[in-house]
Number of protein chains: 2
Amino acid sequence: MNQLPLNGLIVLEFSQYLSGPSAGLRLADLGARVIKIERPQGGDPCRKLAVKNLWVEGDALNFHAINRNKESFTADLKNKEDLELVKKLIRRADVVTHNFRPGVMEKIGLAYKDVKGINEKIIYAEISGFGRKGPWAQKPGQDLLVQSLSGLTYTTGNGGSAPVPFGLSAVDAISGIHLVQAVLGALIRRQREEKGAYIELSLIESAIGMQFELFTTFFHSKKGIQRSKINNGNPLLGAPYGVYKTADHFLSLAMMELQQLATALDWEELNVFDQRDVFQKRDEIKALIAKKLKTNTTRYWLERLRRSGLWAAAVYSWKDLDQTEGYKILEMEQELQAGDKRIFTTRCPITLNGKRLVSSKAAPTLGANREAIIKQLMEE
Amino acid sequence: MNQLPLNGLIVLEFSQYLSGPSAGLRLADLGARVIKIERPQGGDPCRKLAVKNLWVEGDALNFHAINRNKESFTADLKNKEDLELVKKLIRRADVVTHNFRPGVMEKIGLAYKDVKGINEKIIYAEISGFGRKGPWAQKPGQDLLVQSLSGLTYTTGNGGSAPVPFGLSAVDAISGIHLVQAVLGALIRRQREEKGAYIELSLIESAIGMQFELFTTFFHSKKGIQRSKINNGNPLLGAPYGVYKTADHFLSLAMMELQQLATALDWEELNVFDQRDVFQKRDEIKALIAKKLKTNTTRYWLERLRRSGLWAAAVYSWKDLDQTEGYKILEMEQELQAGDKRIFTTRCPITLNGKRLVSSKAAPTLGANREAIIKQLMEE
């Protein structure tokens, strides 16, 4: 379709695992041709990282979720002939991405200065774990480890208990997202000024950037930041913010005035607390609310809260969500064909000019497009 | 600076709170001129949402963190003259963003079709809570509530305990990020084809998109997804992945083979488990590891793990992190001047052509730029 923003652009994805490839996923959604450069033995290690032992045609299902809609070109970068082929590809490309440790691309001879020498207007983007300088530069850049070092594990879970990591690879995801933003920005500038760009990102900078509100508060707050001891929803917010147990399940309460909550639940007892105390006395207040909410069902409470226009919601697992009308109408699922297997995954969340960005093309098997690419892009 | 990608572009930010304005923050980092359109009484409600009672010049510190580097134009959109001024501004703008509930902009007369009538090439981006269709369309689009409905609270914390929300507004952040990606993509296309664009996003779609690996696994897994009961780090991964208590603090273990862990810790007992069991028997294995790690300090364990090249890290609060050399060398902090107050916040995580994207310009006071803008952009 010629109408997608990045149609006509070629991205060479040397990246592996999640942070870089999740960026490639989005660039492909936006219309770019994303070609994974993979080593012949095994390729992107993510192909073999099967969660819950789920496989499709010999590659992990997870790999399929991250790498749908891309092509695969195998090349051994330590082999002279293969390296020459890759350099020919670079000449035709618009964007190069990688997430190897600092020094790896230099050793291969494909650092930014090398690639710029081949293609002056290339947009070159790299994600490292911790940047190139300082005592952490050679540490393994892995999501949980960066979460742990970045302060992030102290935002979630209750005060007084262990630090709690986010249960998904948020740091990988965020840095991949920053890569997309930076690449797109650089493309805009290139259209105007015919210049390439060198983009550097790291998991730790992205993890800190993601917590910009927390760090800003930390810089200015003598008392520091503590998680609420009861049903912590956000360490910076007061009562009643959080997820509460009910008689049959759970519900979440966002921001609301205590008096409104008292009225909605016909519960005068809550008014022993003043609105000015919602941060200082949050644990006491939330403990009282927690006790109250256990006495009836989620549905019972939600009816009363909604009637008063207060911000509350049920708490769904993916299975619960899957059965709701609210979810079905979003049409978040897309189907891919991988050989004779069908894969279900989610679509890009962006709707552009009334059209959803969907593609039924599955992830490529290792090296699937090598010959075609040699023919099409290198024989001039 | 003329070298920033979005120099020369004007963004009108009708958005409030976090999801839309965090996108404006990034666009301003990339060089765009971002003008907040705020109602005269109070402006963006985020100005009054002070976390931990931290204020700067009458506006919440948090507002400053999100809205640095922008301008403020006050306008009462229900007033005819003000609306005319805003339409003049739209004529000169490149991008319009809002995150009002569906119907609000229609009522004011600034829906996409209206704005397109004024400026044909406008890029118009809106974030709603749940989209325009279906039974949830009028639900309040608030971060914690969307987390709760989207399945997200079942990724974090331990199996068997309550669902746990992420302790920061990840859904607001993610949707703002998707907005930036879509706007930048649309700008690229506009440079080529001289067309505007209509971008629709919602918190729920972004929240589901963020969990694409989880949903893909959910679609294909009969057994569903459960959090590990012990030190859950990610419900899709096996032992030892997670955060563990030590004798003096905590440490995190990422992916590693059990045999390697046993050797590194000189701990033959662990080899009673087989690598093939790391998912099925993850709770048993992790319970054993948890017991072992309590017997010595974080430093003791990390020395041994690192010597063997295994992926492990300490667990830092923001205060711990702040004192490390590894953090200092990143230079993540930037200083803003707000009147006679100094504000410390974090910088954009992107480095472009070796330069960091920093700006010392603080958030504007309400309406600070109204007169100047009228003079500069409307008198033709």
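Letters go in sequence order (proteins before strands), and every chain restarts at 1.
- Listed for the B:Asn7 side chain is a donor-acceptor partner under 3.5 Å among the backbone atoms of B:Gly31.
- Interface remark: A:Tyr198 contributes backbone and side-chain atoms alike to the contact with chain B (heavy atom separation under 4.5 Å).
- With a threshold of 4.5 angstrom between heavy atoms, B:Ile343 approaches chain A through its backbone and through its side chain.
- No part of B:Lys245 comes within reach of chain A, as not one of its non-hydrogen atoms sits under 4.5 angstrom from that chain.
- Atom CZ of A:Arg356 sits about 4.0 Å away from atom CZ of A:Arg347, to the nearest 0.5 Å.
- The closest side-chain donor-acceptor pair between B:Ser175 and B:Ser206, if any, does not fall under 3.5 angstrom.
- Comparing B:Tyr241, B:Phe344, B:Phe166, B:Phe212 by heavy-atom pairs within less than 4.5 Å of chain A, the highest count is held by B:Phe166.
- Side-chain contact annotation: B:Ser202 with B:Glu205, donor-acceptor N/O pair under 3.5 Å present.
- Heavy atoms of B:Leu27 lying under 4.5 Å from chain A are absent altogether.
- The choice from B:Pro165, B:Gly209, B:Gly131, B:Gly134 that makes the most heavy-atom pairs within less than 4.5 Å of chain A is B:Pro165.
- For chain A, the nearby part of B:Leu54 is the side chain; its heavy atoms alone come within less than 4.5 Å.
- In this structure, chain A has a heavy atom under 4.5 Å from the side chain of B:Gln142, while its backbone stays farther away.
- A:Met210 CE to B:Ser22 OG: the interatomic distance, rounded to the nearest 0.5 Å, is 11.5 Å.
- With a threshold of 4.5 angstrom between heavy atoms, B:Phe279 approaches chain A through side-chain atoms but not through N, CA, C or O.
- Heavy atoms of A:Phe250 lying under 4.5 Å from chain B belong exclusively to its side chain.
- Both the backbone and the side chain of B:Ile199 come within contact range of chain A, with heavy atoms under 4.5 Å apart.
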Does the pair B:Lys319 and A:Ile225 meet the rule for a side chain to side chain contact (heavy atoms under 4.5 Å, CB included), with working shown? CA-CA 9 Å; B:Lys319 193 166 165 203; A:Ile225 301 169; over 6 Å; no

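- Between the side chains of A:Glu126 and A:Tyr112, no donor N or O sits under 3.5 Å from an acceptor N or O.
- Chosen from A:Gly157, A:Ser221, A:Gly185, A:Gly151, the residue pairing most often with chain B at heavy-atom distances under 4.5 Å is A:Gly151.
- A donor atom on one side chain and an acceptor atom on the other are not found under 3.5 Å apart for B:Ser161 and B:Asn158.
- Counting heavy-atom neighbours within 6.0 Å of B:Arg132 CZ, excluding the residue itself, gives a total above 12.
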Check the pair A:Trp55 / A:Leu61 against side chain to side chain contact (heavy atoms under 4.5 Å, CB included), numbers first and verdict last. CA-CA 5 Å; A:Trp55 298 87; A:Leu61 174 67; over 6 Å; no

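- A:Arg306 touches chain B through its side chain: at least one heavy atom from C-beta onward sits under 4.5 Å away, while N, CA, C and O do not.
- Proximity of a side-chain donor or acceptor of B:Asp172 to a complementary backbone N or O of B:Asp143 within less than 3.5 Å is not detected.
- Looking at A:Leu30, the atoms closer than 4.5 Å to chain B (heavy atoms on both sides) all sit in the side chain, from C-beta outward.
- Between A:Trp318 and B:Phe215, the ring-plane angle classifies as perpendicular under the 30° and 60° cut-offs.
- Comparing B:Val56, B:Thr217, B:Val146, B:Leu187 by heavy-atom pairs within less than 4.5 Å of chain A, the highest count is held by B:Thr217.
- If you measure heavy-atom distances from B:Phe130 to chain A, the contacts under 4.5 Å come from the backbone alone.
- Heavy atoms of A:Asp322 lying under 4.5 Å from chain B belong exclusively to its side chain.
- With a 4.5 angstrom heavy-atom cutoff, A:Ala254 touches chain B via backbone and side-chain atoms both.
- Counting heavy-atom pairs closer than 4.5 Å to chain A, the top-ranked of the candidates B:Ala186, B:Pro135, B:Ser169, B:Pro163 is B:Pro163.
- Contact count versus chain B (heavy atoms, under 4.5 Å) is highest, among A:Leu18, A:Leu201, A:Leu168, for A:Leu168.
- Using a 4.5 Å cut-off between heavy atoms, A:Ser228 makes no contact with chain B at all.
- If you measure heavy-atom distances from B:Phe218 to chain A, the contacts under 4.5 Å come from the side chain alone.
- Neither the backbone nor the side chain of B:Lys328 comes within contact range of chain A; no heavy atoms are under 4.5 Å apart.
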Between B:Leu149 and B:Lys139, is the side chain to side chain contact (heavy atoms under 4.5 Å, CB included) condition met? List the steps. CA-CA 11 Å; B:Leu149 293 169; B:Lys139 269 184 190 299; 4.2 Å; yes

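- Heavy-atom pairs under 4.5 Å with chain A peak, among B:Asp320, B:Leu214, B:Val164, B:Leu6, at B:Leu214.
- When heavy atoms are compared at a cutoff of 4.5 Å, B:Ala197 approaches chain A by way of both its backbone and its side chain.
- With a threshold of 4.5 angstrom between heavy atoms, B:Arg342 approaches chain A through N, CA, C or O but not through any side-chain atom.
- Judged by distance alone, with hydrogens and angles left aside, the side-chain atoms of A:Glu213 form no donor-acceptor pair with the main-chain N or O of B:Ile66 at under 3.5 Å.
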Begin with the C-alpha distance, continue with both residues' side-chain angles, and end with the deciding distance and a verdict on side chain to side chain contact (heavy atoms under 4.5 Å, CB included) for A:Leu321 and B:Ile208. CA-CA 10 Å; A:Leu321 177 65; B:Ile208 293 168; 4.2 Å; yes

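- A:Arg227 places a side-chain N or O within 3.5 Å of a backbone atom of A:Thr156 that can act as its donor or acceptor partner.
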For a side-chain hydrogen bond (donor to acceptor under 3.5 Å, both in side chains) check, start with the C-alpha distance between A:Tyr327 and A:Glu333, then their side-chain angles and the critical distance, and finish with the verdict. CA-CA 10 Å; A:Tyr327 170 74; A:Glu333 298 171 25; 2.9 Å; yes

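- Under a 4.0 Å N-O distance rule, the pair A:Asp29/A:Arg26 qualifies as a salt bridge.
- Each of B:Gly242, B:Ala207, B:Ala65 has some count of heavy-atom pairs under 4.5 Å with chain A, and the biggest count is that of B:Ala65.
- B:Thr153 touches chain A through its side chain: at least one heavy atom from C-beta onward sits under 4.5 Å away, while N, CA, C and O do not.
- Contact of A:His64 with chain B is not made at all, since no heavy-atom distance falls under 4.5 Å.
- Interface remark: A:Leu179 contributes no atoms to any contact with chain B (heavy atom separation under 4.5 Å).
- In this structure, chain A has heavy atoms under 4.5 Å from both the backbone and the side chain of B:Leu144.
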